[in-house]
Trainee: 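Sharing a structure here in structure tokens format.
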Amino acid sequence: MFDTLSDRLSATFKNLRGKGRLSEADIDATAREIRIALLEADVALPVVRAFTANLKERARGAEVSRALNPSQQILKIVNEELVGILGGETRVLRFAKQPPTVIMLAGLQGAGKTTLAGKLGLWLKGQGHTPLLVACDLQRPNAVNQLAVVADRAGVAVYAPEPGNGVGDPVKVARDSIDYAKTKQYDVVVVDTAGRLGIDQEMMKQAADIRDAVSPDETLFVVDAMIGQDAVNTAEAFRDGVGFDGVVLSKLDGDARGGAALSVAHVTGKQIMFASNGEKLEDFDAFHPDRMASRILDMGDLLTLIEQAEKTFSQAEAEKMASKLASSKGGKDFTLDDFLAQMEQVRKMGSISKLLGMLPGMGQIKDQINNIDERDVDRTAAIIKSMTPGERIDPVIINGSRRARIARGSGVEVSAVKNLVERFFEARKMMSRMAQGGGMPGMPGMPGMGGGPGRAKKKQKQAKGKQRSGNPMKRKAEEQAAAARREEAAAQPGGAFGLPAGDQDKNFELPDEFKKFMG
């Protein structure tokens with residue numbers, strides 16, 4: 001959603017690189033470019049004005065003028081100001097001292113409240129709570145059925161005594177749900193209310209009546225991140241008419257500009273608490289302003305990536321895999337079954353494209369990331385599952401006829417099976433070397449990693465040996481000294497590899513990789 005904003009900001013910072021000192025003209029030009037980038041991203045005008053004013057004031061201050069790298073200081077200021085307009089610190093839910101905690105959802109029709117109720121229920125369940133979803137949207141056709149389906153998918157309970165479709169009293173349903181939750185010992189009640197088309201006074205009154213009936217601990221306003229400036233106008237009207245405590249952004253995975261949604265926190269003074277960035281129920285999490293600012297500036301979001309990995313991967317399983325790779329057998333204990341298990345664990349974390357997008361600097365290759373075919377993982381899994389247990393343990397035995405059989409079983413070309421096995425061997429070798437502390441081959445400056453062109457030239461130069469002197473008398477003296485050293489070395493007992501004979505290990509054996517070269 002924020003690709004355009006990220007691209008414009010990256011281009012602006014690129015123009016600042018290499019400048020040892022920023023002039024007034026540089027600061028004004030940078031502020032102007034950032035202002036245009038924010039306006040193009042549909043950020044509200046008052047927010048843009050406040051942002052650029054703070055940027056100019058701080059850029060002219062001592063923190064930039066005395067900095068060794070002014071461009072990095074400007075980037076730091078922009079990051080901090082972005083965090084500010086996104087709400088500053090992370091805002092967490094307030095839970096009631098005496099259960100149940102009541103959370104009321106409100107917003108425009110079509111903002112995704114009902115689906116978001118299921119996502120919030122699943123998130124609360126993952127936090128150790130027992131949520132109850134309450135169907136108070138009795139106006140929209142099939143809204144009650146939709147909530148029941150979403151609750152079933154999320155594995156949480158639903159309270160829906162009325163059929164909806166214009167039948168029933170939503171205020172009574174909301175009031176009765178509290179007693180029902182206390183009886184059944186649900187500790188969180190999520191009330192899904194009817195959406196409104198624009199600023200609808202009748203629906204505003206209904207939302208206010210539900211609020212008065214249940215006295216919610218949190219009233220969350222759901223904002224569709226794709227609707228533009230109307231999100232800000234509606235949020236202000238709802239804040240003045242009913243009031244809310246926090247904002248939830250939905251449809252953050254859309255391709256709209258989305259800046260208006262980022263303006264809500266600054267305009268209304270209410271922080272963004274949650275964000276939904278996908279269609280799956282799992283695509284929902286707490287909103288962290290600092291992490292979102294890092295994503296917009298293409299600095300990645302490693303903390304979220306780590307949190308997702310911790311939720312998905314078992315510590316014991318990870319240690320087991322690491323021990324296999326670090327074993328004395330060179331990682332040969334790591335089989336295709338292990339490879340498949342690891343791949344499926346990564347798949348549980350979500351889309352490969354989204355995971356790569358959380359890494360710093362990935363904005364430069366976002367087109368390639370967006371073109372990743374997620375079905376490649378399924379094809380790889382199909383190939384491995386078409387193998388026999390023996391072939392998965394020891395892929396070396398996979399010959400031509402076995403490859404043909406595996407290809408027929410998985411519906412791929414024979415070359416795909418061959419390529420998978422070869423890539424597996426290469427990956428296992430690399431991971432084993434890393435697990436044993438050898439580093440990755442081909443990377444300079446680290447153990448086990450080859451040097452660059454300069455290193456190769458240096459080795460070639462060393463291999464040439466010492467140059468002979470052009471002076472005949474001096475050259476003769478050098479040759480006599482070298483001959484004397486050779487005679488002295490020959491008189492001493494020694495052995496292979498330049499070691500004295502007594503220091504060599506009598507039981508020394510060549511590694512297996514070198515034995516094939518010996519006669």
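Numbers for residues simply follow the sequence, beginning at 1.
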Trainee: Do Phe51 and His266 pass the ring pair (Phe, Tyr, Trp, His ring centres under 6.0 Å) test, and can you show the C-alpha distance, the side-chain angles, and the key distance before you say yes or no?
Mentor: CA-CA 11 Å; Phe51 188 98; His266 188 275; 9.6 Å; no

Trainee: Please list, chain by chain and in numerical order, all residues satisfying salt bridge (charged side-chain N to carboxylate O under 4.0 Å, His left out) with Asp152, sequence neighbours excluded.
Mentor: none

Trainee: Donor-acceptor pair, distance only, cut-off 3.5 Å: does the side chain of Asp283 make one with the backbone of Asn277?
Mentor: no

Trainee: Judged by atom type as modelled, is there a donor-acceptor pair below 3.5 Å linking the side chain of Arg392 to the main-chain atoms of Lys385?
Mentor: yes

Trainee: State whether the side chain of Asp176 and the backbone N or O of Val173 hold a donor-acceptor pair below 3.5 Å, judged by distance alone.
Mentor: no

Trainee: Apply salt bridge (charged side-chain N to carboxylate O under 4.0 Å, His left out) to residues Arg94 and Asp217 and explain how you reach the verdict.
Mentor: CA-CA 7 Å; Arg94 290 190 302 260; Asp217 299 282; over 6 Å; no

Trainee: Does the side chain of Val264 reach to within under 4.5 Å of the side chain of Ile272, using non-hydrogen atoms?
Mentor: no

Trainee: Taking Glu391 for its side chain and Thr388 for its backbone only, find out whether a donor-acceptor pair lies under 3.5 Å.
Mentor: yes

Trainee: According to the interplanar angle, ranging from 0 to 90°, do the rings of Phe244 and Phe238 count as parallel (below 30°), tilted (30 to 60°) or perpendicular (above 60°)?
Mentor: tilted

Trainee: Are the side chain of Arg211 and the backbone N or O of Val242 linked by a donor-acceptor pair below 3.5 Å?
Mentor: yes

Trainee: According to the interplanar angle, ranging from 0 to 90°, do the rings of Tyr180 and Tyr186 count as parallel (below 30°), tilted (30 to 60°) or perpendicular (above 60°)?
Mentor: parallel

Trainee: From the options Val247, Leu116, Asp285, Leu93, select the one residue that forms a side-chain contact (heavy atoms from CB on, under 4.5 Å) with Phe274.
Mentor: Leu93

Trainee: With distance as the sole test, does Gln271 use its side chain to make a donor-acceptor pair with the main-chain N or O of Gly87 at under 3.5 Å?
Mentor: yes

Trainee: Yes or no on side chain to side chain contact (heavy atoms under 4.5 Å, CB included) for Val189 and Ser177, after CA distance, side-chain angles and deciding distance?
Mentor: CA-CA 8 Å; Val189 175; Ser177 69; 4.1 Å; yes

Trainee: May I have the step-by-step check of salt bridge (charged side-chain N to carboxylate O under 4.0 Å, His left out) for Glu279 and Lys119, ending in yes or no?
Mentor: CA-CA 10 Å; Glu279 296 180 0; Lys119 292 183 175 184; over 6 Å; no

Trainee: For salt bridge (charged side-chain N to carboxylate O under 4.0 Å, His left out), just list the numbers for Lys251 and Asp224, CA-CA rounded to whole Å, side-chain angles, deciding distance to a tenth of an Å, and then say yes or no.
Mentor: CA-CA 6 Å; Lys251 306 179 187 178; Asp224 183 344; 3.2 Å; yes

Trainee: Pair Ile383, Ile406 - check side chain to side chain contact (heavy atoms under 4.5 Å, CB included), show working.
Mentor: CA-CA 7 Å; Ile383 293 173; Ile406 295 168; 3.9 Å; yes

Trainee: Does Ala194 offer a backbone N or O that forms a donor-acceptor pair with the side chain of Lys113 under 3.5 Å?
Mentor: no

Trainee: With no hydrogens and no angle check, is any side-chain donor or acceptor of Asp209 less than 3.5 Å from a backbone partner on Val171?
Mentor: no

Trainee: Tell me, with the steps shown, if Leu122 and Glu282 meet side chain to side chain contact (heavy atoms under 4.5 Å, CB included).
Mentor: CA-CA 8 Å; Leu122 180 63; Glu282 296 82 6; 4.2 Å; yes

Trainee: I'd like to know if the side chain of Ser410 and the backbone of Ala382 have a donor-acceptor N/O pair within less than 3.5 Å.
Mentor: no

Trainee: So, does Thr219 use its side chain to make a donor-acceptor pair with the main chain of Asp245 at under 3.5 Å?
Mentor: no

Trainee: Please name the pair of heavy atoms, one in Pro170 and one in Cys136, separated by the smallest distance, quoted to 0.1 Å.
Mentor: CB-O, 3.3 Å

Trainee: Looking just at side-chain N and O atoms, do Thr52 and Arg32 make a donor-acceptor pair shorter than 3.5 Å?
Mentor: no

Trainee: Given salt bridge (charged side-chain N to carboxylate O under 4.0 Å, His left out), test Glu81 with Arg58 step by step and report yes or no.
Mentor: CA-CA 10 Å; Glu81 292 298 325; Arg58 294 183 60 183; 3.3 Å; yes

Trainee: Side chains of residues 158-165: which donor-acceptor partners sit under 3.5 Å, not counting sequence neighbours?
Mentor:
{"unit_1": "Asn165", "atom_1": "OD1", "unit_2": "Asn142", "atom_2": "N", "d": "2.7"}

Trainee: Would Thr90 and Phe287 count as a side chain to side chain contact (heavy atoms under 4.5 Å, CB included) if you check the C-alpha gap in whole Å, the side-chain angles of each, and the deciding distance to 0.1 Å?
Mentor: CA-CA 7 Å; Thr90 303; Phe287 184 85; over 6 Å; no

